[in-house]
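Order of appearance sets the numbers: ligands from 1, and atoms from 1 within every ligand.
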Amino acid sequence: MPEVNVAVEEWLADHASRGCDAGAMIDAMVQVGFERAVADKAVHDALLVATGRYTEDNFPHGVEAANGEYRYDAAPVAEGNVIRAYDRDIEVLKRHARPQVIVFGNVLSADECVELISRARPKLKRSTTVNPENGSQDIIANRTSQGMFFGRGEDPFIEGLERRIASLMSWPVEHGEGFQILNYQVGAEYRAHFDYFPPQQAGSAVHTARSGNRVATLVLYLNDVPGGGETFFPDADISVEARQGCAVYFRYMNAQRQLDPLTLHGGAPVLEGEKWIMTKWVRERPFV
Ligand code: PD2
Ligand code: ZN
């Protein structure tokens with residue numbers, strides 16, 4: 001298996017600085033024997049260095065999404081059963097290939113979960129969803145949680161967690177939306193939905209104009225839920241229980257900008273106790 005040595009880095013830097021297409025560079029590396037995940041990361045790192053940020057022109061693989069059946073790239077998450085993510089060893093509990101869903105343990109400590117909940121509690125407001133027709137944020141029966149957002153990098157505690165999560169998701173911290181905390185009381189739920197903005201819906205454009213679409217999600221569980229509250233993927237027969245400090249990752253945009261409909265998912269109604277989660281959504285381009 002070839003390595004990303006100095007010569008390869010020079011080749012990457014040269015092509016990235018000349019605005020070469022990321023997909024073509026990845027394909028060229030794969031053709032000479034690199035694993036796709038290795039090539040994907042090397043190319044995106046080179047583009048970041050060359051441009052200071054991803055742009056519409058160089059990422060991801062042209063402006064138009066490819067049509068047809070979703071093609072699974074290697075998920076950018078590192079291989080192995082334990083992943084060193086910035087400052088913490090994170091356990092890989094389960095990996096699903098189609099859709100790309102990965103369950104992690106030990107992402108947050110109990111103290112971190114408690115701290116996040118106590119900071120969020122006084123700021124909760126009823127959650128909204130995007131109106132597919134005009135993009136407005138509406139309160140609807142499909143989503144009955146309460147939530148709040150932290151500003152990105154708003155203090156050292158939040159910034160440290162963002163670095164850990166960016167490392168785990170192998171996606172630049174600048175591409176992340178601010179952490180969102182959600183609280184579900186008994187009966188509250190988030191019915192099946194996509195986290196990406198479906199391009200065929202008129203209301204999506206207002207949300208994708210500046211930073212592109214969402215690429216992947218990490219849902220982090222801040223408490224043990226005594227009953228209900230699983231994150232479920234109805235078309236993939238996957239269900240993840242809410243366990244404090246654990247998280248579920250799912251990837252729905254590939255390098256060709258296709259979107260994976262199998263990542264339809266929801267938060268099941270809480271049957272007993274309450275549920276606290278934190279979400280991290282990452283975008284194609286820096287989130288501004
Ligand atoms: O509450 C959840 O488990 C959940 C699952 C999926 C929340 C979201 N998505 C979300 O807020 O997008
Ligand atoms: Zn969701």
Item checked: Close side-chain approach of Trp171 to Arg251, heavy-atom, < 4.5 Å -> yes

Margin query: Contact between Glu162 and Phe150 at the side-chain level, heavy atoms closer than 4.5 Å - yes or no?
Written below: no

Notebook entry, point to check: What closest approach, in Å, do Pro2 and Phe34 show between heavy atoms, and which atom pair accounts for it?
Noted result: O-CE2, 3.5 Å

Ligand 1-proximal atoms of [X], by part, heavy-atom distance under 4.0 Å:
X      : value
Ile277 : side chain
Arg143 : side chain
His193 : side chain
Phe233 : neither

Has the side chain of [X] got a donor or acceptor atom that lies under 3.5 Å from a matching backbone atom of [Y]?
X      : Y      : result
Arg283 : His175 : no
Lys125 : Gln146 : no
Glu189 : Ala268 : no
Glu177 : Phe287 : no

Give the residue and atom name of whichever protein heavy atom lies nearest to [atom], and the separation in Å to one decimal.
atom                   : value
atom 2 (C) of ligand 1 : Lys275 NZ, 3.2 Å
atom 6 (C) of ligand 1 : His265 CD2, 2.8 Å
atom 5 (C) of ligand 1 : Thr231 CG2, 3.6 Å

Show which atoms of ligand 1 fall inside a sub-4.0 Å distance from at least one heavy-atom site of [X].
X      : result
Tyr184 : 1 (O), 2 (C), 4 (C), 7 (C)
Leu182 : 11 (O)
Asp195 : 12 (O)

Notebook entry, point to check: Roughly how far, to the nearest 0.5 Å, is CZ of Arg152 from CD1 of Ile158?
Noted result: 12.5 Å

Note to self: Rounding to 10°, state the angle centred on the Zn ion (ligand 2) that links NE2 in His193 with OD1 in Asp195.
What the structure shows: 90°

